[in-house]
Amino acid sequence: MLQDTLTIRHYQKLTDALVEMWNRGYRYDDLRLYLDGYLAALRHTNTLEPYLISRLEEETTRYIYDPSNFEMPMPQPQVDYY
């Protein structure tokens with residue numbers, strides 16, 4: 001579980017971007033490439049401690065491979081009362 005506030009912000013940005021990419025037609029390989037690039041940029045800029053980046057990678061990878069995060073909800077049919 002993430003506890004550092006900056007790490008949580010990065011996690012939220014990443015997961016929002018991943019869902020948006022999924023909705024635009026990208027799939028798991030593309031999402032993983034995006035995540036790898038994002039993490040490489042974090043490592044390069046020394047924005048987070050290395051152990052926090054590793055933890056962020058674990059949590060985000062778990063998020064990517066959980067299919068329930070990318071399912072589109074089915075709208076409820078409206079009952080016509082007339």
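Heads up: numbering here begins at 1 and tracks the sequence.
Between Arg62 and Asp66 there is no salt bridge, since none of the side-chain N atoms of the basic residue sits less than 4.0 Å from a carboxylate O of the acidic one. A salt bridge links Arg55 with Glu59: the closest approach of a Lys/Arg side-chain nitrogen to an acidic carboxylate oxygen falls below 4.0 angstrom. A salt bridge is defined here as a Lys NZ or Arg NE, NH1 or NH2 lying under 4.0 Å from an Asp or Glu carboxylate O, and Glu57 with Arg43 meets this definition.
One hydrophobic cluster holds both Leu42 and Ile8 under the rule that ILVMFWY side chains link at heavy-atom gaps under 4.5 Å. Under the 4.5 Å side-chain heavy-atom criterion for ILVMFWY residues, a single connected hydrophobic cluster contains both Tyr65 and Leu35. Cluster membership check: Leu39 shares its hydrophobic cluster with Val19, using side-chain heavy-atom separations under 4.5 Å among Ile, Leu, Val, Met, Phe, Trp and Tyr.
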- Message: Quick one, Tyr11 with Tyr63, criterion side-chain contact (heavy atoms from CB on, under 4.5 Å). Give me CA distance, side-chain angles, the key distance, then yes/no.
- Response: CA-CA 10 Å; Tyr11 178 78; Tyr63 182 88; 3.5 Å; yes
- Please report the C-alpha distance between Leu14 and Leu56 in whole Å, then the side-chain angles of each, then the deciding distance to 0.1 Å, and finally whether the side-chain contact (heavy atoms from CB on, under 4.5 Å) criterion is met. CA-CA 10 Å; Leu14 265 171; Leu56 177 64; 4.2 Å; yes
- Message: Apply side-chain contact (heavy atoms from CB on, under 4.5 Å) to residues Leu18 and Asn69 and explain how you reach the verdict.
- Response: CA-CA 10 Å; Leu18 292 171; Asn69 293 319; over 6 Å; no
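In this structure, the side chains of Phe70 and Leu31 come closer than 4.5 Å at one or more pairs of heavy atoms.
In this structure, the side chain of Thr7 does not engage the main chain of Gln3 through any donor-acceptor pair within 3.5 Å. Using modelled atom types, one side-chain atom of Thr15 and one backbone atom of Gln12 make a donor-acceptor pair closer than 3.5 Å.
In this structure, CG in Leu2 is found 8.5 Å from CG in Leu52, a value given to the nearest 0.5 Å. Once rounded to the nearest 0.5 Å, the distance linking OG1 of Thr60 with NZ of Lys13 reads 13.0 Å.
Among residues two or more places apart in sequence or in another chain, the side chain to side chain donor-acceptor pair (under 3.5 Å) test is passed with Tyr38 by His10.
Within 6.0 Å of the OH atom in Tyr28, the count of heavy atoms belonging to other residues, nucleotides or ligands exceeds 12.
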